[in-house]
Student: 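Attaching a single structure in structure tokens format; questions to follow.
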Protein chains: 2
Amino acid sequence: MPWLAQTPKNAVVNEICDRIWLAVVQRTLRPGTRLKEEDLAEIFGATRARVRQALALLEQDGLVTLSPNRGACIAEPGIEEARDAFATRLHVEQRLVTRLCGKITPAQVATLRTHVARERAAHQAADSEAMIRLSGEFHMLIATLAEGELLHRILRTLTIRTSLITAMYQAKAAQTCGPDEHGRIVDAIAAHDEVAAIAEMTHHMQHLEAELDLSDRAQPTSGLRKALLGRG
Amino acid sequence: MPWLAQTPKNAVVNEICDRIWLAVVQRTLRPGTRLKEEDLAEIFGATRARVRQALALLEQDGLVTLSPNRGACIAEPGIEEARDAFATRLHVEQRLVTRLCGKITPAQVATLRTHVARERAAHQAADSEAMIRLSGEFHMLIATLAEGELLHRILRTLTIRTSLITAMYQAKAAQTCGPDEHGRIVDAIAAHDEVAAIAEMTHHMQHLEAELDLSDRAQPTSGLRKALLGRG
DNA sequence: ACAGGCAATATTGTCAACGTTTTTGTCAAC
DNA sequence: GTTGACAAAAACGTTGACAATATTGCCTGT
């Protein structure tokens, strides 16, 4: 049940989007990779029209770039864009946490705790796909409980983009945020401790960003001009 | 030169989106109106595929709702969604203004002043289309100068949605925000006065929201059940 | 006369084929 | 030996037609 689905109208298209996203965050698909419509159509056993719809959606989410008459590539956000994404997402997450602290119910706390428990289980089982999915889902769950349809949508896009950036710039393989930090966030929210919750969330996001290599040399994988020339 | 264009790849699709948006904010198209693909195709002299693309984009922006096998309607955001949209947009605008205050240059101030002047001209000429366009463009210009690609995109969506809400719930006909308030915002930004700029922007947005009739009785125009029955 | 089901119509969803643009490989001229 | 243009191939964009689905009007049975 992927949290990617924005409008669960067409299962096939969502499936394609989900697979591509998963391949990107699992680093199976490297940024800059060209995505030929026909190949994707054959791979997923779908028609080209469906693939085209999926690519259009993924472009909206900033996961692929769509050039006219050139086709689709996995997007390659630059360093500036990476920082922008994290900064914006941090801001949104802070606001969501603030909201949620004010109106959290015991039942909602239980929901969050259950989710973190599932994350822990996936972590111990070393199920990387589940870890990735649940990690993202945790933040979306906060947005859902905070009850802001728009903020929810915004966070969804930002989460997708930061996922891509993490897969792109993170040196070490262990990319998914550990369940412990999520647990601490839940604790603070459950205690209605707004400042602590914001602090934990901020720490969490900064931890994520700190693990990236956003130095200048870490240029986009397939920048070509930037990769070969000294980023003129 | 519509600020609606998110990806200026296809002129025809953008044209369609722009026209529909304009018709909505000008209250020519009422919320709930069904948009038949074939009719739109004939109206705009385009093919149905193009219309379909445009509708998909407009759905992303929350301007139309797309039901499977039912087609497209102009969206009818409820009161909760309306408040949500204004609250979210206010927050984003505040952040943008804060950012811009820190790094505004004289040239950028000049750009803003020029824009406000154009707004004033349109206001005096009673050119309603230009007023609407320029009003939205002003806020997008702030986002552009503030240099946050993501916030820019977010504000764009929020502006579109608040436009729809304004057209939907505003009682009086004079809907576009007057140039004076924009002028005061620019003054505060030009003076690097962060608190004043935020205050002006907040006042501006609250003024916009205050002119709406968001009482419970003001149900969506074409709610059918809600419109005919006493909102059971 | 009314309710329920059935068929006709209208509208959207899907697909396969065609035209256009870009890319790449080749060849001739300098 | 290199450069430039040209042609072949591949990929995308577009079109039109066909199938699936929802709505509407009608008809029959009670």
Side-chain angles (χ1 to χ4, degrees), chain A residues 5-20 29-76 222-225 227-228, chain B residues 5-20 29-76 222-225 227-228:
Chain A
Q6 44 183 1
T7 54
K9 58 177 177 182
N10 196 319
V12 181
V13 175
N14 281 332
E15 175 78 9
I16 296 175
C17 290
D18 184 65
R19 287 294 187 86
I20 291 177
L29 268 181
R30 297 262 288 277
T33 306
R34 278 199 64 183
L35 303 173
K36 285 187 277 194
E37 294 182 353
E38 219 155 16
D39 293 358
L40 293 177
E42 196 200 336
I43 289 171
F44 293 114
T47 88
R48 236 186 56 188
R50 291 286 182 62
V51 172
R52 176 179 285 269
Q53 283 182 45
L55 290 176
L57 289 180
L58 290 175
E59 190 208 17
Q60 292 285 325
D61 294 330
L63 227 160
V64 308
T65 57
L66 229 55
S67 312
N69 288 316
R70 293 285 314 279
C73 297
I74 305 290
E76 304 178 87
S222 133
L224 262 299
R225 174 170 305 176
L228 303 180
Chain B
Q6 45 184 0
T7 54
K9 57 177 177 181
N10 197 319
V12 180
V13 174
N14 282 330
E15 175 79 9
I16 296 175
C17 290
D18 185 64
R19 287 291 187 86
I20 291 178
L29 269 181
R30 296 262 287 276
T33 305
R34 278 199 61 184
L35 302 173
K36 284 187 278 197
E37 296 183 351
E38 216 155 17
D39 293 359
L40 293 177
E42 196 202 335
I43 289 170
F44 293 114
T47 83
R48 232 187 59 185
R50 290 283 179 63
V51 171
R52 180 180 284 269
Q53 284 182 45
L55 290 177
L57 289 180
L58 290 175
E59 189 208 18
Q60 293 283 329
D61 294 330
L63 226 160
V64 309
T65 57
L66 229 54
S67 311
N69 288 316
R70 294 283 314 278
C73 297
I74 304 291
E76 304 179 87
S222 133
L224 264 297
R225 174 170 306 177
L228 301 180

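In the text below, chain A, chain B and the rest are named by the order of the sequence lines, each starting its count at 1. Everything numeric in this text was worked out from a predicted model, so none of it was measured.
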Student: Please identify each residue that fulfils salt bridge (charged side-chain N to carboxylate O under 4.0 Å, His left out) with Arg19(B), with sequence neighbours left out.
Tutor: Glu15(B)
Student: Can you spot which of Val12(A), Val13(A), Asn14(A) makes a side chain to side chain contact (heavy atoms under 4.5 Å, CB included) with Ile16(A)?
Tutor: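 That would be Val12(A); it is the only one of Val12(A), Val13(A), Asn14(A) passing the side chain to side chain contact (heavy atoms under 4.5 Å, CB included) with Ile16(A).
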Student: Which protein N or O atoms sit under 3.5 Å from an N or O of nucleotides 14-16 of chain D?
Tutor:
| residue | atom | partner | partner atom | Å |
| --- | --- | --- | --- | --- |
| dT14(D) | OP1 | Arg50(B) | NE | 3.3 |
| dT14(D) | OP1 | Arg50(B) | NH2 | 2.1 |
| dT15(D) | OP2 | Thr47(B) | OG1 | 3.0 |

Student: Determine the minimum heavy-atom distance between Ala75(B) and Pro31(B), stating which atoms define it.
Tutor: O-CB, 3.4 Å
Student: Distance from Phe44(B) atom CZ to Asp39(B) atom CG, nearest 0.5 Å?
Tutor: 11.0 Å
Student: With rounding to the nearest 0.5 angstrom, report the CD to SG distance, Glu59(A) to Cys73(A).
Tutor: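 It comes to 11.5 Å.
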Student: Taking the side chain as C-beta and beyond, is there a heavy-atom pair between Gln60(A) and Leu57(B) under 4.5 Å?
Tutor: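 Side chain of Gln60(A) against side chain of Leu57(B), heavy atoms only: contact under 4.5 Å found.
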Student: Taking five pairs at each end, how big is the angle between the two axes of the helix from dA1(C)-dT30(D) to dC30(C)-dG1(D), to 10°?
Tutor: 10°
Student: Using the heavy-atom set of chain B and a strict 4.0 Å cut-off, write down the first and last nucleotide of DNA chain C that makes it in, 5' to 3'.
Tutor: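 Using the under 4.0 Å cut-off, the span is dT11(C) to dT14(C).
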Student: For the atom pair CD1 (Ile20(A)) and CG (Leu63(A)), what is the distance rounded to the nearest 0.5 Å?
Tutor: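 Reported to 0.5 Å precision, the distance equals 8.5 Å.
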Student: Suppose the criterion is salt bridge (Lys or Arg N to Asp or Glu O under 4.0 Å): which pairs have a residue in residues 61-73 of chain A, not counting sequence neighbours?
Tutor: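 The answer is Asp61(A)-Arg156(A).
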Student: Distances under 3.5 Å between protein N/O atoms and the N/O atoms of nucleotides 6-11 of chain D, please, pair by pair.
Tutor:
| residue | atom | partner | partner atom | Å |
| --- | --- | --- | --- | --- |
| dA11(D) | OP1 | Lys36(A) | NZ | 2.8 |

Student: Rounded to the nearest 0.5 Å, how far apart are OG1 of Thr65(A) and CZ of Arg34(A)?
Tutor: 10.5 Å
Student: With rounding to the nearest 0.5 Å, note down the distance linking CG in Leu35(A) to CG in Leu66(A).
Tutor: 9.5 Å
Student: Listed by chain and number, what are the side chain to side chain contact (heavy atoms under 4.5 Å, CB included) partners of Arg48(A), not counting sequence neighbours?
Tutor: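 Only Glu37(A), Ala41(A), Arg52(A) meet the side chain to side chain contact (heavy atoms under 4.5 Å, CB included) criterion with Arg48(A).
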